[in-house]
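Here the structure comes first, spelled out in structure tokens, and everything after it is commentary.
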Amino acid sequence: MVAEPKLISDLKRTHSCGSLRAGDIGEKVVLFGWVHGRRDLGGCVFVDLRDRHGLTQVVFDPTVEATAHGMASELRGEYVVGIQGTVRSRGHQINESMPTGEIEVAASRVEIFSKADTPPFHIEDEIDTGEQLLLRYRYLDLRRRPLQNILVRRSRMAQATRTFLDSEGFLELETPFLTKSTPEGARDYLVPSRVNPGKWFALPQSPQLFKQLFMVAGFDRYFQIVKCFRDEDLRADRQPEFTQIDLEMSFVCEEDVLSLVEGMMSAILEADGKEAVPRPFPRLTFDEAMSRFGSDKPDVRFGLELVDVSDIARKSGFRVFADAVDKGGIVSAINAKGADLSRSKIDGLAEEVAIHGAKGLAWAKVKPEGWQGPVAKVVSEQAREQIVERLGAVPGDVLFFVADRREVVLASLGHLRLVLGEMLSLIPKDVLSFVWVTDFPLLDYDEEQGRWVALHHPFTSPREEDIPRLEKDPGSVRARAYDLALNGNEIGGGSIRIHDRSVQEMVFRTLGLSEEEQQAKFGFLLDAFRFGAPPHGGIAMGFDRIVMLLTGASSIRDTIPFPKTLRAVDVMTDAPSEVDSRQLEELHVKNVL
RNA sequence: GGGGCGUUAGUUCAGUUGGUUAGAACGCCGGCCUGUCACGCCGGAGGCCAGGGGUUCGAGUCCCCUACGCCCCGCCA
């Protein structure tokens with residue numbers, strides 16, 4: 001007697017659960033997958049079998065094979081099974097809503113590979129279960145098609161990136177994860193060194209210095225799709241460990257990096273089945289972006305631009321406006337064209353600007369007979385006319401004003417612009433709108449620390465003509481830095497780097513780093529620059545954010561297989577967690593809590 | 001560090017003015033059913049009302065604190 005062949009070991013999978021069509025009718029097939037659903041009609045039993053490619057209906061018909069039909073009643077949701085059977089037509093009962101809906105597999109054999117407890121939520125496309133539960137059972141959530149689709153697309157985008165950069169002559173080179181803590185920038189994740197008591201590694205915030213050293217080494221073009229770590233508070237688009245497309249090029253200027261990235265983004269779009277976006281991408285200087293959009297990552301899919309009316313406001317007769325300007329602040333306005341906003345909605349908008357520190361939101365409705373609203377009477381007639389002219393206002397428009405310190409005005413109106421754009425449905429949802437922001441300031445004064453800090457990072461090259469002002473007027477020095485924004489989100493940033501030891505030392509000095517500190521923290525870089533450093537520059541792209549924006553995912557968590565919650569916790573593994581005191585001893589670390 | 005919203009069966013939710021034994025749908029378990037595909041019908045099980053404290057004759061409901069989740073400000077070169 002010959003033993004019956006076993007599924008898997010003897011009979012291999014012939015098709016995925018999404019591949020069978022009418023043309024396969026009559027084929028003898030073997031399918032493996034998860035039991036997605038079961039409909040037991042007593043006589044015959046229908047089971048939907050699922051793998052990541054799709055669903056196939058399997059029918060257990062007692063007239064076909066009584067043993068298999070008997071086993072069908074044991075099947076439950078999420079059991080992992082193998083099926084052998086024959087593809088047959090569903091006749092006139094085609095299910096139009098599924099790609100395999102013309103056929104079904106009449107099972108002659110079934111083998112249960114693994115039984116399953118009832119899952120804590122249904123594995124289905126549309127789900128409204130709380131995210132915490134989904135994250136706790138992430139491996140079940142990842143069985144759902146929408147999440148799988150995002151990760152499939154993420155994989156394709158990563159491959160497209162590699163293919164593109166490879167074709168452009170880039171080398172994919174690795175850099176250490178156990179590296180040196182750097183004083184500038186984000187808070188480091190630290191790793192104690194067992195063999196060097198009292199000393200610590202830091203996980204990289206980015207491979208910045210190593211990629212510059214690759215340039216010094218002469219590799220010319222480097223890239224890496226790499227994890228970076230920053231111990232800062234989380235957001236919907238921020239995780240403590242995230243993935244960058246990191247690249248660096250030698251003997252280049254801004255234009256070379258920008259056009260390369262435009263090509264790379266186009267390759268990614270193409271890999272994701274998107275329409276081509278015109279190149280070159282539009283560009284804005286930092287100053288322009290801030291004054292017109294109130295943001296260094298402007299969403300340029302719609303108008304509602306900010307307009308400075310400080311000069312008019314100063315002589316408007318309205319104390320609040322005049323005082324703001326006299327104290328060195330500004331008054332800017334947004335014209336919400338044709339916005340028919342109720343009083344309660346406008347009150348809600350005042351709360352929106354308060355988030356960014358604005359003490360009030362002045363507004364006026366433009367009517368044929370004149371302005372209506374709280375500022376209508378307090379602003380002089382002449383000023384009203386000038387404002388209407390500058391904003392191109394016509395009856396039916398609503399004008400909003402914020403008067404405050406420049407940063408507050410730009411931040412609050414920049415935010416208001418986005419809220420109004422959403423409220424008035426002005427933002428086209430299916431458009432991908434890239435914009436470069438260039439000419440960032442090199443430095444920013446940190447009131448708390450009482451010193452200048454690098455806006456981008458301390459290795460960013462100042463514009464050559466601005467270098468003489470580095471010592472006397474650091475705030476006016478522009479950087480050779482650039483950010484790429486997509487639909488109002490920052491998706492990448494980079495710069496032409498300093499390759500001259502003396503300029504690098506000058507920047508470090510301006511940042512308040514003593515010779516000793518420079519040597520202790522960045523000595524290896526300054527040393528490297530002594531041995532012939534090529535001019536170089538590069539960029540780091542936020543890969544998770546790119547995936548998020550192209551797939552329409554609502555949070556960065558949906559683009560990462562195993563993400564952390566806002567409190568930087570992995571609720572599935574329960575990390576971070578306490579460790580054995582022996583482990584701590586070995587690491588020469590004491591818990592002070 | 002700060003602000004906002006939320007937490008009731010496995011899941012999504014309802015729960016009146018503070019008042020008997022906290023409900024529904026889906027899911028789950030059992031039974032019936034040979035053409036279902038959101039199968040149908042019948043029956044059943046299932047609750048530390050996030051945790052702690054308080055007010056009260058009496059708290060899911062009112063008050064305070066805490067925890068957790070989400071969104072935002074600060075922070076994120």
Side-chain angles (χ1 to χ4, degrees), chain A residues 36-48 55-64 69 72-73 76-78 88-98 100-101 104 106 117-137 140 182-188 204-206 208-209 228-240 242 351-358 408 411-412 415 419 440 442-444 446 448 452-460 479 481 483 490 493-495 507 511 540 542 554-555 557 564-567 569 571:
Chain A
H36 187 67
R38 186 179 59 117
R39 294 173 296 281
D40 186 345
L41 274 64
C44 69
V45 180
F46 296 95
V47 165
D48 294 327
L55 283 176
T56 297
Q57 174 166 289
V58 178
V59 59
F60 295 88
D61 187 333
T63 66
V64 170
H69 176 259
S73 60
R76 294 291 182 275
E78 303 309 312
R88 66 188 199 191
S89 169
R90 292 207 208 174
H92 60 282
Q93 287 183 301
I94 287 170
N95 186 336
E96 309 261 359
S97 64
M98 56 199 288
T100 61
E104 64 189 3
D117 287 352
T118 302
F121 48 84
H122 305 295
I123 312 297
E124 57 196 357
D125 292 359
E126 298 295 325
I127 199 167
D128 53 4
T129 303
E131 196 179 1
Q132 195 172 12
L133 191 74
L134 298 178
L135 286 174
R136 190 168 151 210
Y137 298 96
L140 297 182
T182 50
E184 303 286 314
R187 196 175 292 114
D188 284 322
Q205 299 172 28
S206 86
Q208 181 61 35
L209 294 169
C228 300
F229 306 86
R230 293 177 191 177
D231 187 6
E232 297 293 346
D233 287 350
L234 287 74
R235 286 285 190 285
D237 62 353
R238 270 165 32 189
Q239 282 274 305
F242 62 100
E351 287 172 30
E352 294 288 346
V353 297
I355 294 170
H356 291 268
V408 171
S412 53
H415 175 70
V419 173
F440 280 81
L442 185 72
L443 303 162
D444 192 26
D446 185 325
E448 238 173 75
W452 292 93
V453 295
L455 195 73
H456 191 55
H457 59 55
F459 320 105
T460 299
D483 275 6
E490 184 195 328
S495 61
V507 169
L511 295 173
S554 51
S555 129
R557 293 184 294 278
K564 292 175 179 58
T565 66
L566 282 186
R567 275 182 63 258
V569 164
V571 291

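Owing to the predicted nature of the structure, the values given are computational and were not obtained by experimental measurement. We name chains A, B, ... by the order of the sequence lines, and we start the count at 1 in each one.
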Could you state the interatomic distance from [atom1] ([X]) to [atom2] ([Y]), rounded to the nearest 0.5 Å?
{"X": "A:Q208", "Y": "A:C228", "atom1": "CD", "atom2": "SG", "answer": "10.0 Å"}
{"X": "A:T182", "Y": "A:D188", "atom1": "OG1", "atom2": "CG", "answer": "5.0 Å"}
{"X": "A:D61", "Y": "A:H69", "atom1": "CG", "atom2": "NE2", "answer": "7.5 Å"}

Next item on the list: Return the set of residues passing ring pair (Phe, Tyr, Trp, His ring centres under 6.0 Å) with A:H356 (not counting sequence neighbours), or none when no residue passes.
Entry: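 A:H415.
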Next item on the list: With sequence neighbours left out, write down each residue that passes ring pair (Phe, Tyr, Trp, His ring centres under 6.0 Å) with A:F459, or none if nothing qualifies.
Entry: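 For A:F459 the ring pair (Phe, Tyr, Trp, His ring centres under 6.0 Å) partners, ignoring immediate neighbours, are A:H457, A:F522.
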Report the residues that fulfil side-chain contact (heavy atoms from CB on, under 4.5 Å) with [X], sequence neighbours left out, ordered by chain and then residue number.
{"X": "A:D128", "answer": "none"}
{"X": "A:E490", "answer": "A:K297, A:D483, A:R545"}
{"X": "A:I127", "answer": "A:F121, A:T129, A:L134, A:R144"}
{"X": "A:A479", "answer": "A:L442, A:T460, A:A481"}

Mind checking the [atom1] distance from [N] to [M]? Whole angstroms is fine.
{"N": "B:G4", "M": "B:G51", "atom1": "C1'", "value": "22 Å"}
{"N": "B:G30", "M": "B:C37", "atom1": "C1'", "value": "23 Å"}
{"N": "B:G69", "M": "B:C62", "atom1": "C1'", "value": "25 Å"}
{"N": "B:C48", "M": "B:G31", "atom1": "C1'", "value": "34 Å"}
{"N": "B:G52", "M": "B:U61", "atom1": "P", "value": "12 Å"}
{"N": "B:A22", "M": "B:G46", "atom1": "P", "value": "13 Å"}
{"N": "B:A25", "M": "B:A14", "atom1": "P", "value": "16 Å"}
{"N": "B:G19", "M": "B:C33", "atom1": "P", "value": "48 Å"}

To the nearest Å, how far apart are [X] [atom1] and [N] [atom2]?
{"X": "A:K564", "N": "B:C68", "atom1": "NZ", "atom2": "P", "answer": "17 Å"}
{"X": "A:H69", "N": "B:U36", "atom1": "NE2", "atom2": "C1'", "answer": "13 Å"}
{"X": "A:F46", "N": "B:G40", "atom1": "CZ", "atom2": "C1'", "answer": "13 Å"}
{"X": "A:E124", "N": "B:C26", "atom1": "CD", "atom2": "P", "answer": "13 Å"}
{"X": "A:Q93", "N": "B:G35", "atom1": "CD", "atom2": "C1'", "answer": "5 Å"}
{"X": "A:L140", "N": "B:G27", "atom1": "CG", "atom2": "C1'", "answer": "15 Å"}
{"X": "A:R567", "N": "B:C70", "atom1": "CZ", "atom2": "P", "answer": "9 Å"}
{"X": "A:L134", "N": "B:C70", "atom1": "CG", "atom2": "P", "answer": "11 Å"}

Note to self: Between A:T565 and A:Q132, is the side chain to side chain contact (heavy atoms under 4.5 Å, CB included) condition met? List the steps.
What the structure shows: CA-CA 8 Å; A:T565 66; A:Q132 195 172 12; 5.8 Å; no
Next item on the list: Please name all residues satisfying side chain to side chain donor-acceptor pair (under 3.5 Å) with A:E184, sequence neighbours left out, ordered by chain then number.
Entry: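 Partners of A:E184 under the side chain to side chain donor-acceptor pair (under 3.5 Å) test: A:R451.
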Check: Which residues pass the side chain to side chain donor-acceptor pair (under 3.5 Å) test with A:H36, sequence neighbours left out?
Finding: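 If we apply the side chain to side chain donor-acceptor pair (under 3.5 Å) test to A:H36, skipping adjacent residues, the hits are A:R50.
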Categorize [X] for me: base, sugar-phosphate, or nothing, with a 4.0 angstrom heavy-atom threshold over every strand shown.
{"X": "A:T460", "value": "nothing"}
{"X": "A:L455", "value": "sugar-phosphate"}
{"X": "A:S97", "value": "nothing"}

Check: Within the pair A:Q57 and B:U36, is there a side-chain N or O less than 4.0 Å away from OP1 or OP2?
Finding: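 Looking at the OP1 and OP2 atoms of B:U36, neither is under 4.0 Å from any side-chain N or O of A:Q57.
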Checklist line | Side-chain N,O (A:R39) to OP1/OP2 (B:U36) below 4.0 Å | finding: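 For B:U36, neither OP1 nor OP2 has a side-chain N or O of A:R39 closer than 4.0 Å.
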Does [N] have a Watson-Crick or wobble partner in any strand here, with both distances under 3.5 angstrom, and which is it?
{"N": "B:G60", "answer": "none"}
{"N": "B:U21", "answer": "none"}
{"N": "B:G74", "answer": "none"}
{"N": "B:A67", "answer": "B:U7"}
{"N": "B:G40", "answer": "B:C32"}

Table please: side-chain donor-acceptor pairs of residues 39-47 of chain A below 3.5 Å, with sequence neighbours left out.
unit_1	atom_1	unit_2	atom_2	d
A:R39	NH1	A:D48	OD2	3.0
A:R39	NH2	A:D48	OD1	3.2
A:R39	NH2	A:Q57	OE1	3.0
A:D40	OD1	A:G42	N	2.8

Polar atoms only, N or O, under 3.5 Å: list the protein pairs with nucleotides 3-14 of chain B and their distances.
unit_1	atom_1	unit_2	atom_2	d
B:G10	O2'	A:P120	O	3.0
B:U12	OP1	A:G130	N	2.7

Notebook entry, point to check: How do A:H457 and A:L135 order along RNA chain B: which one's closest nucleotide is nearer the 5' end?
Noted result: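 With A:H457 and A:L135 compared, the 5'-side residue is A:L135.
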Tabulate protein N/O versus nucleotide N/O from nucleotides 71-76 of chain B, keeping only pairs under 3.5 Å, one per line.
unit_1	atom_1	unit_2	atom_2	d
B:C71	OP1	A:R557	NH2	2.9
B:C71	OP2	A:R557	NH1	3.3
B:C72	OP2	A:A236	N	3.3
B:C73	OP2	A:R235	NE	3.0
B:G74	N7	A:R235	NH2	2.8
B:G74	O6	A:R235	NH1	2.9
B:G74	O6	A:R235	NH2	3.2
B:G74	N1	A:D233	OD2	2.5
B:G74	N2	A:D233	OD2	3.2
B:C75	O2'	A:E232	OE1	2.6
B:C75	O2	A:R238	NH2	3.1
B:C75	N3	A:R238	NH1	3.2
B:C75	N3	A:R238	NH2	2.8
B:C75	N4	A:R235	NH2	3.3
B:C75	N4	A:R238	NH1	3.1
B:C76	O2	A:R238	NE	3.3
B:C76	O2	A:R238	NH1	3.0
B:C76	N3	A:R238	NH1	3.1

Short heteroatom pairs, N/O only, protein and nucleotides 30-32 of chain B, under 3.5 Å:
unit_1	atom_1	unit_2	atom_2	d
B:G30	OP2	A:R76	NH2	3.2

Notebook entry, point to check: Pick one: which of A:R557, A:Q239, A:R235, A:R238 meets side chain to side chain contact (heavy atoms under 4.5 Å, CB included) with A:L566?
Noted result: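 So the option named by the test is A:R557.
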